[in-house]
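Below is one structure, written out as structure tokens, with a few remarks after it.
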Amino acid sequence: FMGFSVFCLGCLALMNDFGTAGIFFVTFLVISFLRSVEFSKLVLIVGVCALGGLMAIRFVPHIMNRFATWTRAWDFPDAGGYQQVRSMSGGASGGLLGMGAGNGWTHELFAADTDLVFGILSEEWGFIIAVLAVLSLVTLGIFAVMSITAGRSAFYTIAACSATSLIIFQCSLNVLGSLDILPFTGVTLP
């Protein structure tokens, strides 16, 4: 299991898709913990991967640029913080109720339909609908966790937990990345 996971994460790293690799890594941690319930293994795995992540930040230029603009997107509005600044501006222009479907301008940005879905949602449908969309994913996660006790086998329990962690972490990366709270990874909103 660990060998297969390392192979998959390595392939994603070779494709420079570190956002997806991070999502799968969190899912891998959840599966590993639920299978073994050993914190010592998790600490070792996280330590090794943290070292690999620090090396990726240091030696992969586009990751280093994203961390350099992290929490300072407004200092680089036409360079590294371009998408986050446009996403935040679009969300602010949408207000509470939004501008209406198709009436926004953030959908014209590069990769807006994949990376900046939360910005488009905030602009066109408003802050209330954007928060409700995130809360619906969180509610799905809560129901999945609550259904664990009803699982007929360990496989179903692990599957529910890993799928939930994948969705919640991916949602967090997209929403918090487009708001410049986390580094922008370019993953889609589930």
Side-chain angles (χ1 to χ4, degrees), residues 5-6 8-30 42-95 104-127 129-135 137-138 141 164-190:
S5 297
V6 167
C8 292
L9 292 174
C11 288
L12 287 169
L14 287 174
M15 292 186 289
N16 283 330
D17 194 356
F18 291 98
T20 304
I23 293 168
F24 286 145
F25 176 68
V26 167
T27 306
F28 163 76
L29 287 178
V30 169
L42 287 181
V43 170
L44 179 64
I45 292 169
V46 170
V48 168
C49 287
L51 180 63
L54 290 173
M55 289 176 54
I57 291 170
R58 175 72 175 105
F59 295 113
V60 179
H62 76 275
I63 293 177
M64 191 166 53
N65 291 339
R66 287 182 179 178
F67 272 89
T69 60
W70 178 30
T71 69
R72 300 180 328 174
W74 292 99
D75 294 341
F76 307 99
D78 293 324
Y82 180 82
Q83 287 183 306
Q84 295 99 310
V85 167
R86 295 331 182 256
S87 177
M88 289 184 282
S89 297
S93 67
W105 53 269
T106 53
H107 65 273
E108 298 172 3
L109 298 173
F110 174 73
D113 58 337
T114 56
D115 299 355
L116 302 175
V117 173
F118 185 74
I120 293 173
L121 186 65
S122 299
E123 179 188 29
E124 294 184 2
W125 292 97
F127 178 74
I129 298 296
V131 169
L132 289 175
V134 171
L135 287 177
L137 291 171
V138 171
T164 300
S165 65
L166 187 141
I167 289 171
I168 297 296
F169 189 66
Q170 184 173 351
C171 176
S172 299
L173 284 179
N174 183 280
V175 171
L176 299 176
S178 66
L179 296 175
D180 200 32
I181 296 170
L182 287 178
F184 189 67
T185 58
V187 298
T188 60
L189 186 69

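- One finds the CG atom of L189 at 12.5 Å from the CG atom of D113 (value rounded to the nearest 0.5 Å).
- Looking only at side-chain heavy atoms (C-beta outward), V26 and F24 stay at 4.5 Å or farther from each other.
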**OP:** Take L179 and F118 through the side-chain contact (heavy atoms from CB on, under 4.5 Å) test and state the conclusion after the steps.
**Re:** CA-CA 9 Å; L179 296 175; F118 185 74; 4.0 Å; yes
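- Across every non-hydrogen atom of V138 and I168, the tightest pair is CA-CD1, 3.9 Å.
- In this structure a side-chain-to-backbone donor-acceptor pair under 3.5 Å is missing from D180 to Q84.
- Among the candidates L173, L12, T185, the single residue satisfying the side-chain contact (heavy atoms from CB on, under 4.5 Å) test with I23 is L173.
- When only modelled atom types and interatomic distance are considered, S178 and Q83 share no side-chain donor-acceptor pair under 3.5 Å.
- Atom CG in L132 sits 11.5 Å away from atom CG in L137 (nearest 0.5 Å).
- Formation of a donor-acceptor pair under 3.5 Å by the W70 side chain with backbone atoms of G177 is not found in this model.
- For the pair F184 and D115, the minimum side-chain heavy-atom distance is below 4.5 Å.
- Rounding to the nearest 0.5 Å places CG of L135 at 9.5 Å from SG of C171.
- Using a 4.5 Å heavy-atom cutoff, the side chains of S87 and T106 are not in contact.
- Side-chain N or O atoms of T20 include none that pairs as donor or acceptor with a backbone N or O of D17 at under 3.5 Å.
- Side-chain contact check for W74 versus S89: some heavy-atom pair is nearer than 4.5 Å.
- Distance CG/L182 to CG/L176: 4.5 Å, rounded to 0.5 Å.
- Residues G141 and T164 come closest through the heavy atom pair CA-CG2, 3.3 Å.
- Nearest heavy-atom pair, Q170 versus V187, reported as atom, atom and distance to 0.1 Å: O-CG2, 4.0 Å.
- Expressed to the nearest 0.5 Å, how far CZ of F18 lies from CZ of F25 amounts to 13.5 Å.
- When atom types are taken as modelled, the side chain of R86 and the backbone of P77 share a donor-acceptor pair closer than 3.5 angstrom.
- The closest side-chain donor-acceptor pair between E123 and W105 falls under 3.5 angstrom.
- Surrounding CZ of F76 are more than 12 heavy atoms belonging to other residues, nucleotides or ligands, all under 6.0 Å away.
- Side-chain contact check for T69 versus D75: every heavy-atom pair is 4.5 Å or farther apart.
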